[in-house]
Amino acid sequence: MKKALSITAITFFLFAGIILFTLTRCSKSSTETTIVKDLRVEYMKNPVGIDVTQPRFSWKMESKERGAAQSAYTIIVSTDEAFKKTIWNSGEVLSDQSVSIAYGGAALSPATRYFWKVQVKDQTSRKIASTEKAFFETGLMDSGWSNAQWIKPLQRDTINTVPLFRTNCVLNKKIGSARIYSSALGIYEIFINGKRVGTPAENGSTRYDEFKPGWTDYTHTVSYLTDDVTALLNKGNNVVAAYVAPGWWQGGIAHGKYGNPDLGFMAKLVVNYTDGTSEVIVTDPKTWKCSVDGPIRQGDIYNGEVYDARKESAWASPGFDDSSWQTCGVNTDFKGEIKAFADPTVQIRSQLQRTPVKITRYEGINDTGSDFGMVNVKETYTDTVPVKIIPLAKGQTLVYDMGQNMTGWIKFKVKGKAGTELTARFAEMLNDEGKKSRGDDGPGGSLYRSNLRSAKAMLQYTLKGTEQGEEYHPSTTFFGFRYCDLTATDNIEIESLTGEVVGTASEEVGTFSTDNPSVNQLFSNVIWGQRSNFLSIPTDCPQRDERLGWMGDIEIFGRTASYNADLAAFFQKWTVAVRDGQRNDGAFASVSPHCWVGWGQAAWAEAGIIIPWTTYLMYNNKGILVENYPAMEKYMTFLANQADKKYKYNGAGTDYGDWVSYVHTDNRYISVCYYAYASLLMEKISLALSAGKEDEYAQKAVSYRTLYNQIKQEFQSRYTDKDGMLTQDTQTAYLLALKLDLFSTEAIRQKAIEHLRQLITDNGNKLNTGFVGTGVMMPTLSDAGLIDVAYNLLLQHANPSWLYSVDQGATTIWERWNSYTKENGFLPDGMNSFNHYAYGVVFEWMYRYVAGINPDENRPGFKHILLNPTPDFRKTFPEGQKQLMQADASYDSYYGKIRSAWKIETDGTVKYDITIPANTTATLRLLLSNEKSEILESGVPIKGAKGIASVNQENGKAVIELTSGNYSFEVR
Ligand code: BGC
């Protein structure tokens with residue numbers, strides 16, 4: 001009750017502040033400076049092919065004025081662009097909500113494009129209307145596939161060539177519009193009349209998606225996509241064609257999950273004629289033909305692609321003679337549901353394209369007395385821009401350095417004789433000295449590939465011998481690499497070669513910079529780790545024979561990831577796979593989509609609760625909580641069932657513990673802590689879903705709190721000594737117990753905090769934690785008042801630390817703190833990825849504590865922002881460390897851009913630049929150096945400053961309630 005009252009009071013105060021401010025300030029019409037933009041449906045821009053019955057709308061209000069806020073909105077949805085055929089008018093809704101508002105009109109029809117717009121009223125009741133073209137289009141919904149069948153090659157060829165499918169169709173009338181709905185068992189591309197199908201954009205360009213239809217748990221779900229193909233069809237004869245590669249359905253990466261299934265393709269083409277009639281063409285074994293003699297001889301995610309350009313033909317175009325092609329068979333391997341794809345797709349991210357920074361040609365090996373010797377370098381090119389033609393003679397090797405570890409493939413143009421074979425191999429690192437003792441697997445300067453394990457990760461391209469040169473990139477595989485080497489069976493010329501970054505094209509929304517170049521490089525490594533491992537689903541690594549949806553990795557990195565990029569739709573879709581993979585007893589899998597490994601392992605399985613909660617906090621996406629709640633409850637039942645005779649609260653399995661830590665913490669201890677963590681989150685989630693005190697969710701919240709208390713009690717008897725301190729004396733153990741408030745008294749908690757400080761300082765101001773401990777480390781230290789210790793760890797360069805890998809030359813985050821050291825070479829372990837995002841979690845702390853940008857759990861999605869910037873106010877520094885003097889972060893939330901920047905001046909004054917987006921408010925907390933500290937805003941004393949609703953003091957901090965706008969504070 002008390003809490004409710006104070007929130008009401010603050011709201012009133014803020015509102016009064018806004019009005020007061022508005023009256024004094026808004027002489028200029030706010031409509032001139034305020035716009036409504038970035039309209040989204042289901043968190044996506046103009047999605048095509050969604051099967052949601054009540055899509056959710058979001059928009060941003062943007063204003064140069066302070067205190068701009070929405071007081072009402074009206075949403076109009078129509079089936080025509082001119083809004084003559086309105087199907088829903090929300091009417092004026094007095095509300096400040098602008099994120100995730102559900103459609104409330106009559107039932108939507110399948111395969112229909114709906115246009116929508118919104119008009120908002122600002123704080124002065126001025127109307128501002130959206131101006132951008134906004135629409136969404138429904139998919140097939142429950143209208144069905146008109147008997148389309150999964151088709152497959154009738155016979156399996158022995159070498160697994162990528163099969164081609166085609167059909168001819170005659171369209172007799174003038175075409176008004178056309179859509180193709182399609183899916184594959186495998187990954188596929190469609191072509192119409194020889195042209196690749198993509199998404200036409202307003203500006204006339206086309207966006208192409210890769211690895212369609214993305215990765216799902218095929219025991220339950222496969223996605224289908226909807227494409228507008230109006231512009232590709234003609235009156236008369238047309239050809240619809242597709243190829244399908246194994247992708248995640250077949251091949252090594254499926255780890256036998258689906259047996260040994262056939263590839264399959266399914267499509268429904270709906271052509272609407274201008275006269276109002278329509279025609280439907282579907283995949284059917286009788287009318288479609290198939291060939292296994294195409295140019296992609298093999299396409300496999302782990303192993304790479306084998307491509308014979310001599311096999312290219314106009315197979316996807318009209319006029320092609322397909323008389324030697326076979327009829328198709330029907331694929332019955334898939335028993336699940338076909339669901340509309342709703343997510344940003346995987347794309348070539350052309351703005352991230354890499355040109356090589358260095359090319360080395362070598363021939364033979366020099367014996368240097370080491371095990372493997374050194375490559376015999378003939379030539380080095382560092383001036384590769386603008387593009388230079390590089391000759392490659394038989395017997396020589398070219399090593400390309402992209403300057404950045406990344407995920408994708410190479411695209412090259414090559415000239416040479418028909419039949420010449422060009423082989424490209426990929427690696428993240430080069431061998432350094434050619435010594436086994438340093439973990440090298442070949443001569444110094446050659447590709448280090450041991451860490452790929454069984455993944456062949458290579459391309460084999462056979463030239464067709466075109467005189468002007470021939471261009472190629474693969475499409476059925478991807479590589480995690482910084483380096484690639486090329487060899488050829490005959491002399492050729494490489495006319496160009498670039499690295500193309502391939503991954504889920506989520507919009508990047510976070511920026512961070514500081515005055516410390518190493519920290520800035522660390523941020524770049526975190527971002528590249530994310531770009532590399534968000535490929536259809538969140539994966540552990542992009543290079544070796546895994547590339548799987550390891551739940552522990554994303555459990556740890558998910559929050560950071562959602563500051564870096566907009567993952568509202570991505571996570572919602574991925575949790576379908578999490579639910580699909582859940583075992584009957586409620587255990588969540590260790591990898592989702594599930595394959596290969598098991599279920600119910602602590603800190604991995606809990607991603608099934610943690611990720612939906614994160615998505616709710618960051619995007620006000622309550623839908624993801626609603627959808628996942630029953631699965632989460634099932635998981636809680638699984639945990640309850642782990643009780644044994646001795647202990648009631650054991651938590652989940654102990655397979656992974658504090659994975660790859662330097663110091664071991666008992667795995668069971670971690671399971672018990674994560675049980676407590678899960679129950680705390682379930683309490684919060686239940687409260688978020690509760691509509692009032694008495695409802696079922698509210699009661700569930702109470703029972704989860706009780707559960708937490710019981711776990712805590714048993715934890716204390718199991719893991720604390722007579723003084724209340726932990727029997728597990730490790731950093732990870734103390735961090736978890738502090739984060740989850742598991743100590744019995746405040747006095748013991750304080751002692752534990754001091755002990756944790758000691759554990760870290762005694763370790764030379766270094767951490768020694770693995771995935772789990774590192775995952776919670778920095779926020780826990782800060783919340784415990786040890787922000788100085790956190791800064792010591794951030795700016796530590798010795799092993800293990802974040803900056804250690806930066807100093808060793810890392811351009812992505814590594815799986816291990818010491819995956820490679822200049823001192824000792826490679827870690828001698830097959831599990832040694834140079835592109836694993838988990839340790840990138842430090843940037844959660846950078847955004848949430850250093851810059852201090854936090855969502856408010858009670859008004860999620862950044863409707864209200866808790867802004868607690870915490871500059872580096874350390875008074876003493878570990879040897880060799882300097883104070884961080886500046887940080888500047890921004891996060892483009894669903895309400896608009898939030899910025900928090902600070903700078904410590906030489907005289908000790910601290911400047912803060914703050915941006916609060918329109919239609920949000922913030923509580924800013926600024927540390928005061930003493931009672932007499934003075935705060936100025938834009939050069940004037942804060943009390944009179946515009947847009948500021950109130951200023952108070954609390955525990956040595958100024959607590960400032962802000963309305964939207966840009967602010968410059970100075971604390972002296
Ligand atoms: C993966 C990890 C994963 C772990 C589970 C590894 O092989 O690469 O990132 O979480 O297995 O133990």
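Order of listing sets the numbers, starting from 1, for every ligand and every atom in it. Every value quoted in this text rests on a predicted model; they were computed, and no experiment measured them.
Relative to the ring axis of W528, R531 places its NZ or CZ within 45° and under 6.0 Å from the centre. The cationic group of R547 does not satisfy the cation-pi geometry with Y302, failing either the under 6.0 Å distance to the six-membered ring centre or the 45° limit from the ring axis. Cation-pi contact between R425 and F479: absent, since separation from the ring centre below 6.0 Å together with deviation from the ring axis within 45° is not met.
Residue contact check: D553 has heavy atoms under 4.0 Å from atoms 2 (C), 3 (C), 9 (O), 10 (O) of ligand 1. Residue R544 has at least one heavy-atom neighbour below 4.0 Å for each of these atoms of ligand 1: 1 (C), 6 (C), 7 (O), 8 (O). Listed by number with element, the atoms of ligand 1 under 4.0 angstrom from any heavy atom of D540 are 1 (C), 8 (O), 9 (O).
Protein heavy atom at the shortest distance from atom 7 (O) of ligand 1 is E546 OE2, 2.6 Å. At the shortest separation from atom 12 (O) of ligand 1 among protein heavy atoms lies Y656 CD2, 3.0 Å. Here the protein heavy atom with the shortest distance to atom 3 (C) of ligand 1 is W550 CD2, 3.3 Å.
The aromatic rings of F571 and W574 sit tilted relative to each other, their planes meeting at an angle between 30° and 60°. Between F478 and F211, the ring-plane angle classifies as perpendicular under the 30° and 60° cut-offs.
Contact annotation: E815 has at least one heavy atom less than 4.0 Å from an atom of ligand 1. M551 does not count as a contact of ligand 1, since none of its heavy atoms falls under 4.0 Å from the ligand.
With salt bridges taken as basic N to acidic carboxylate O contacts below 4.0 Å, none links E428 and R449.
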